[in-house]
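Notes follow once the structure below has been shown.
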Amino acid sequence: MNHLMIMPIVIPLLTGAFLLVMYRYNIGRQRSLSIGSTLLLVIFAVWAILQAGVSDYTLYRLGNWQPPFGIVLVLDRLSAIMLLLTALLSLFCVLYASRGSDREGSHFHALLQFQLMGINGAFLTGDLFNLFVFFEVLLIASYALLLHGGGRARSRAGLHYVVINLAGSALFLLALGILYGLTGTLNMADLARVIATAPEADLPLLKAASLLLMVVFGIKAALLPLLFWLPRAYSAASAPVAALFAIMTKVGFYAMVRVFLVVFGLDEGSPANDTVLAWLWPMALITLSLGGIGVLGASSLRTLTAYMVIVSVGILLATMSRNDEQLLAASLFYLLHSTCMTAVFFLLADLIGRYRENGYDRFSVISPLSHRWILGTVFLVAAVSMASLPPFSGFVSKAWILQSSSTLPDYLWLWAPILISGLLIIAALSRAGSGWFWRPEELADKAAPALDGARTATVCVMIAISFSLAIFAQPVMDYLEAAARLIYEPSGYVEAVLGDYVGQSREVTE
Amino acid sequence: MIATVIPFVIGTFCIAVLLNLYRLAVGPDIVDRILALDTLMINSIALIVLADIQMSLGILFEAALLIALMGFVGTVAMTKYLLRGDVIE
Amino acid sequence: MNGSEMPLLLQLVITFFLVAGAIVALIGSIGLARLKDFYMRLHGPTKASTLGVGCILLASLLYFSFLKGGLSVQEALVTLFLFVTAPVSAHMMAKAALHRKLKCSPRTRKGPPDH
Amino acid sequence: MNRREFWLPRPLFSLFLAVLWLLMVNSFSVAHMLLGLALGVFIPFVTRAFWPEQAKVRYLLPLLRYFVVLMVDIVRSNLVVARRILWYPNQLTPGFVTFPLELDDDFAITILASTISLTPGTVTAHYDSDAGTLLIHALHVSDEDELVRQIKEQYERPLKEIFQ
Amino acid sequence: MDIGLLVFLPVLGAIASLLSRLKRPGPDHVQRHALVALIAPAICLLLLLSYLPRVQSGEALVYSFSWVPEIGLGIAFRLDGLSWLFATLITGIGCLIILYARYYFAGKDTAGRFFVLIQLFMTAMLGIVLSENLLFMLVFWELTSLVSFLLIGFTWSSRNARRGARMSLVITGGGGLALLGGILLLGQIVGSYQITDVLAATDTIVSDDRYPLTLSLILLGAFTKSAQAPFHLWLPHAMAAPTPVSAYLHSATMVKAGLFLMARLHPAMGDTELWFSLITITGMVTLMVGAFVAMFMHDIKGLLAYSTISHLGLITLLIGMGSEMAMAAALFHLTVHALFKAPLFMMAGIVDQATGSRDMRNINGLWRTMPALMLITAVPAAAMAGLPLMSGYLSKKMLFSESLLVTAPHWATTLIPVWVTVAGLFSVAYSVRIFHNVFFNGQPVDLPHWPPRKKPAGMLVPLFILAAASLLVGLAPQATYDSLIHLAVMATSMTHLPLYDFSALSEAQVPAMMSMVAMVGGVVFYLARSSLFAIHRQLPDVDAKNIFEQIMQQSIRFAQSLVYRLENGSLQRYLAFILVAAIAPGLWMLSSYTGWQGPSALTAVNPMVVFGAVILCLSAIGVALFHHQRLPALLLLSVTGLFVTLAFAQFSAPDLALTQLSVEVMAVVIMMLALSFLPQTSPRESGAGRIVRDLGLAGLAGTGIALFAYAVLTRPAETISGYFLANSVPGGGGTNVVNVILVDFRGFDTLGEITVLGIAAVAVFAFTRDLHLKERVASAGTAKGFAEPHPVILQMVSRMALPIALLVSAYIFLRGHNMPGGGFIAGLVTAVALTLQYMAGGLVWAQERMLTHFRPLIGAGLLIATATGLGSWVVGYPFLTSAFSHMDWPLIGEFELATALLFDLGVYTTVVGATLLILANLGKLMTVAGPGQEVG
Amino acid sequence: MELVIAITLGVLTTTGVYLILRARTFSVVLGLTLLSHGVNLFLFSMGRLTTASPAVIGLVENYTDPLPQALVLTAIVISFSMTAFVVVLALKAAVELRSDHVDGEDPNEDRQ
Ligand code: NA
Ligand code: NA
């Protein structure tokens, strides 16, 4: 039993709680604590990557109870990847926020730590109800972070976001109820086992539950028609928060992968996930298209980025719904890219907005700006990466997705929107860039604030990561392929988790 | 004997509850409704205790106690609200 | 329900309290439903219901004292609590009514002094 | 205040709590007695800030007697009220009566007000601390002064004895 | 590997230029920049020449290194005749351009930027022609689009520059995406992206049913890049770039990338009907459109741009024909065109800078002031016109003779010759025009600078070199062809074919006549130009830039309207969407489902339960009906809560009953608090239609739940719970299984649950901190009538209730493990008791009597719970492993110590802290002493 | 009995859903509360409903399924937290957006 495995959940929890106890700490101490804890998370995530590389599944039986009775944490390559991504992303967000935006409200760092606890928990848990709990943790924290800084736009967006997600949670509970009522268990592996052997009469009900779950996760992942809360929420949030939210939609995606491909996918013969995947495919494609259109129509860089998030969700879910191992690996690579770049753009919007005289990140406003050359260059490079042009990770990931999807019979349905949305993104970004950096005159030097080196550096490092992801793509891809292979071997998951319990009768005699 | 009488007692309290609901529905003033709710709470204490006796479990005492406590607090909150337009000040 | 091996007297007492409680509480609620104005309705619950429920609690006290063996006085606590709080609730509600200047029934001899 | 008052603000009340504890847990084991006493000391200590003034209970026995009398009155009064509500609710002549207080201790006044509310068709509607009066609503008043006198006789005097 | 060096040298050069740019711009900084910038290209050129012998030996030098084998993307270079020819053109002309730019940018401090970008571009271009791996080539392909974007927008202060740049990027970028698709398909078909493998797999490719799509996508890429109609529109507007850029990117090199790609893939994909028709037709159209429009251009650069387009069309046409000879002609003309078009652009630049205008209607008779320029320009102009002895003459003639050789399809046999002749006629016309109109044709008309500014003689050097080269090619075509172009032709048609015979060409009669026709007709056309212009002015002039902007604006407006219509900021609509999404699929799937009724029999009806159920439903419906009257609705809501509690109590869930009860009252109190700020009633604003719709949705949802519940309840239960019942006492040390599950079996859930509560409270604290309702504070205050703030009687009783409530919560807490109760309920009881103090004594009064602040309380609770979990590490057990032991002390008696109790303490603490934090901060909103200062 | 339970759950859900579709924050809050009542009862009933058999070892002969109870308890606490949060948020929104309409006074103002 390796205790390091619980760390990604316990460390942020302890940090957050401690920050509450020491509620009088000055901002400096809060920052150093928060950054320290996030650094630790990165370290443990790296450990997780290595550990998952060594052994396919690492279990952690909370309370030392035999699954499926106790809650069990399961670490495999997929969850390890998500952990690392989260840790890195949050590190950059904390660093960026520590330049001042954490001052706009109270307890930013505590809330952020709790948010991380929720996200990591969702990635690690092997129990469906526990997943619900961690969803609630990360949601409530995200509500608070979304409202961080106050203001009308945030209140409105926040209200919508909260109410919609409360509805989502209700649906989640309903689905859980149905599943428990029919299977009598909550552990994912055990659920998979029971669902695979469910009586014919119950199957439609189980599938209906999976459809409900699709809506639940669809709300988190921003799947059409459940995504309309997203653009305003993300563009209202303060920059580092929005950047952190780049991972939130991916949590929904992750949950779908886990639940639909593993829990509902055990029975190779007639998997119970066929219905839900059949529904996902068209919805995801429409999502993707709408995202592209939204990118073109966006009126500010943050909104544009929000729609970029939607585009990425569309691509991820569309690829996932085709139920193909290679394609899943490719979409995981795209997940890394899109998360990183959308985060970059949320930060970039803020960074540039700070040095424009007025209009913040609005396209309609022509405003003098300072540091044209540095910001312009950063924007250009970021835009190239975001538009999945070479030589950045976007290019590689898109190439991979298109390649591995070309074996599908209906691959053109995926290709067309991906390529066209790519064009729309190029158009939108070129408009934005030329309008911002080519049009206006330089801001008078005395009026110009000095460039914030730390913020800029943070953004640059993130872009560099996207670049190096392309340069060192091969090892990453190998890892991702292994991760996808595990996902498509649910039986291995079930055996690993349930161990000797498999086959043992339910009735435990007293 | 107790077993036979309990259902009738419960029935009586159900009638009482219905009367409370009637007052709760018709008002006319909000204070009447609050009074009705308060009474309803008290009657439901009886219902809980009776159920406890009927099932002869003896574990619902806390529930009764809490209803009493919560009913009181609720009533105070509402009246305070009516009096001051504000509950905590 | 194993009231069968219970001594008849105890059964009688319990039954009495149960019935009495039921009736008193019912009367309280009837008052709540029937009486003319708020101030009159206020009287029903504050006393009757409290007492009625008190009786039920007393019955349960006796019942479980026998059932569990030894004295089970928890219910007394609830009764006590009710008797302490009920007047205050009534007091607060009356204040609210006065504050809202609810009109009394025409038969009222002397209305409230208006502040 | 001396050390005793700091650590043990109201010994009587602490004892009361300890007894209450034993009643609640329904067991009189030594463990629970100790626990009850511990709580009895601990709780008043942590909540002492919430009731600053010392209670002025002079004699305990009269207070208990008062409560017994009260119980009886409550039962009686309920029968009266019940009769009125059930049989001739339309002959009721309710009314408001102002009751001039002689008590000055808030705690005593509270007990009196509660008593009034619990007993024959009367409810304490308002306590005017400036005027030192209670506003009472009576379900059926034939004679205000009679009512006032009755209350003073039955309840206010004993309370004065207990609390002054 | 030194081919790779060849590609990346210019990058180093660019970096060098960048560094030299950092140096303070002195008087000679352009000189310095030019010198620095010249180094890399020069070295490249030399390297290429050094390769010539190996290339002439006919071998294709290939170097590959793996990069991302997963997707077949490798760092691979290929140097054969074709790529050598292009690379040499790129580097050679590049050097001359840099030389030219040294004077063009004299005195401008933008020079540094130019030299950096031009070298980046060189890398990109070399990468395209030298890549062996098609995906790798794509990397450079996109890079050229990008650099071209930056160079067109070089003078970004001008609107045209910005628009032209955007336009070119969108069109070529789009083409790039299509190309990506095409190449990926090609790779899938072949199984490799290495050109060697692709060229070897002709049959596989052509026979594959994805061939048409693949070819179309690739051609889309090529056409957009090479400005083939209708994608040619971006090229004229690229002329906003500085002249050296136009000369280099937009006539000599980048626009040839498409042609290069077609030539490169010709052996693998050519020789099909589709290839022929697609490319030939596109080529013809482009050829004609370009030539025709060019005639009527008044802007020198505009004319050159359209003539470039037409020449690109010409080459495309030849490639489309696809025969070896056609390929030979194509590559020959490609070279020739590069040689005569670049100097003409340079001329245009000089004239522009000298006279300050590019309008040929104003610029006249420059021969007097710029005789040397006139003389040098004569050669390329003649070549463009295709006068005898000129290189252009030969390539034209080759085209004509090839056009005659076309046999199938029958529509082409006669059309193409005529077509090309007419196009040739136009080209003669505009060639004559550009020369005559600029250097002769009477006196200049009010030019900005007159007499023209003197340009340094050195600026003519690159023109001279190019003109000389062009002349040379014209005089010795055979030698040129044999030494340089033949290799390339062989590379484009993987066969060993004989040399092109120019002597045979000179004997050919028909082509000679065709070119005579073209020449005479062209001159006639030019002489009749005034009337033609008159006619042309009648035609509506269309500005592609505006059309493009129109299209962009339209699509953006469409996008916005669509997005606005969907994402209109109405929560009700979003929720409706979600409900539909939740209901519709299930409805779709279960519409024909019949298995609702499960096997197990229905249980008997219990009247008391029915009574409760009825009241529950009634109160719920009441809430829905009265929701406009908010306070009554709230009262009904608490009735609902009460009966839910009773239901829990009835169905053997005492813990749930207790929890629901305490939660209910706290929730109600909080809502009351909120109500004191919100309006007391909700307006009736939703119309009948909306209400019906919502009722429909709600009804469907309700029915769904009911059906599911019924289906499950009528099925036998087989759950894992037997284990909990069995192990609760031996394993968890408690008889209240629910509580044991909460603190032990699933303690992790509970940890998360209290975290949620804590976060909620902290969040409420955070976002109410600066919220304050000053206008409301005035209304609060001292006694008014019967409504004094803190009724004495209430205060007395609440104070007395506090210790008792604490005692009760201690009781509930301690017994929780074995009997209904536990930390959560205990915490709520405590919280309620303290809330009572708030209400009775007031916020300020109660706050200053609290022992601690609430946030640290929450934190402490979480820490206690977590620490309890961590404690189990000490004994080597996983997180949250519980331990308990029954002690039996003398005189104390037997009692139990369980870590679960400690965990529960954490729960208790968190609950108290969180609940009170929420209440206090809500309460503070209207308290006079509240705002500004933090509460809790 | 099952039918009665099912219908009750249906009614609770219907009213709750209807209310969350209303235009005012307070109605939405009411709706969410009703909905969570419905959902909690649903989840609770998934353990099959039995009377007089609480899962307290040694108190009765046969026990009800304790697991759904634990789940519902967690759910109750979470929904309480959420309710408290959303109530305060609604308050804040009503104050800042000058209207207690779920979309505030002018839903599209933060667009421009
Ligand atoms: Na206040
Ligand atoms: Na308040």
Side-chain angles (χ1 to χ4, degrees), chain D residues 9-10 13-14 16-36 38-53 55 96 101 103-117 123-130 132 134-135, chain E residues 782-815 818-819 821 826 829-830 833-838 840-842 845-852 886-897 912:
Chain D
R10 4 191 110 62
F13 188 71
S14 300
F16 170 69
L17 286 180
V19 174
L20 213 55
W21 176 259
L22 293 178
L23 294 186
M24 252 193 309
V25 296
N26 261 340
S27 109
F28 298 85
S29 71
V30 181
H32 276 301
M33 287 184 183
L34 293 178
L35 190 53
L39 288 167
V41 174
F42 176 72
I43 291 175
F45 174 72
V46 293
T47 59
R48 68 187 180 286
F50 283 91
W51 27 358
E53 73 289 335
F96 281 91
L101 282 165
L103 297 165
D104 50 10
D105 172 37
D106 283 345
F107 189 62
I109 293 170
T110 307
I111 296 183
L112 178 62
S114 310
T115 312
I116 292 168
S117 296
V123 171
T124 315
H126 179 58
Y127 163 48
D128 189 333
S129 47
D130 310 335
L134 290 176
L135 181 63
Chain E
T782 53
K784 34 185 184 342
F786 298 102
E788 71 267 55
H790 311 303
V792 175
I793 293 173
L794 175 61
Q795 277 188 54
M796 299 310 294
V797 172
S798 340
R799 291 175 194 179
M800 221 166 45
L802 177 59
I804 299 175
L806 290 184
L807 196 72
V808 169
S809 55
Y811 167 70
I812 290 177
F813 175 83
L814 284 176
R815 75 200 290 272
N818 296 317
M819 279 286 161
V829 171
T830 310
L834 288 168
T835 311
L836 195 56
Q837 306 310 309
Y838 277 126
W845 180 87
Q847 199 59 40
E848 63 203 14
R849 283 163 175 72
M850 294 290 172
L851 290 182
T852 160
H886 289 271
M887 310 256 171
D888 194 347
W889 287 1
L891 154 108
I892 298 274
E894 201 222 7
F895 63 98
E896 180 191 0
L897 285 180
V912 174

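Looking at D:Leu135, only its side chain comes within 4.5 Å of chain E, counting heavy atoms on both sides. For E:Leu834, the part lying near chain D is the side chain, with the backbone staying farther off; criterion is any non-hydrogen pair under 4.5 Å. Both the backbone and the side chain of E:Leu807 come within contact range of chain D, each with at least one heavy atom under 4.5 Å from a heavy atom of that chain. Both the backbone and the side chain of D:Leu17 come within contact range of chain E, with heavy atoms under 4.5 Å apart. Heavy-atom distances place the side chain of D:Phe13, and not its backbone, under 4.5 Å from chain E.
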Applying side chain to side chain contact (heavy atoms under 4.5 Å, CB included) to D:Leu35 and E:Leu814, what does each step give before you reach the verdict? CA-CA 11 Å; D:Leu35 190 53; E:Leu814 284 176; 3.7 Å; yes
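Checking side-chain atoms of E:Arg849 against main-chain N and O of D:Ala49 turns up a donor-acceptor pair under 3.5 Å.
Annotation for E:Trp845 and D:Phe50: closest pair CH2-O, 3.5 Å, computed over non-hydrogen atoms. Here the shortest heavy-atom pairing between E:Glu788 and D:Tyr127 reads OE2-O, 3.9 Å. Contact record, E:Leu806 with D:Thr47: CD1-CG2, 3.2 Å, taken as the closest heavy-atom pair.
When each of E:Gly841, E:Pro803, E:Ala846 is checked for heavy-atom pairs under 4.5 Å with chain D, E:Pro803 comes out on top.
Checked against side chain to side chain donor-acceptor pair (under 3.5 Å), D:Thr115 has the following partners two or more places apart in sequence or in another chain: D:Tyr66. Residues satisfying the ring pair (Phe, Tyr, Trp, His ring centres under 6.0 Å) test with D:Phe45, not counting sequence neighbours, are D:Phe6, D:Trp7.
Note that CD1 of E:Ile812 is 8.5 Å distant from CE of D:Met24, once rounded to the nearest 0.5 Å.
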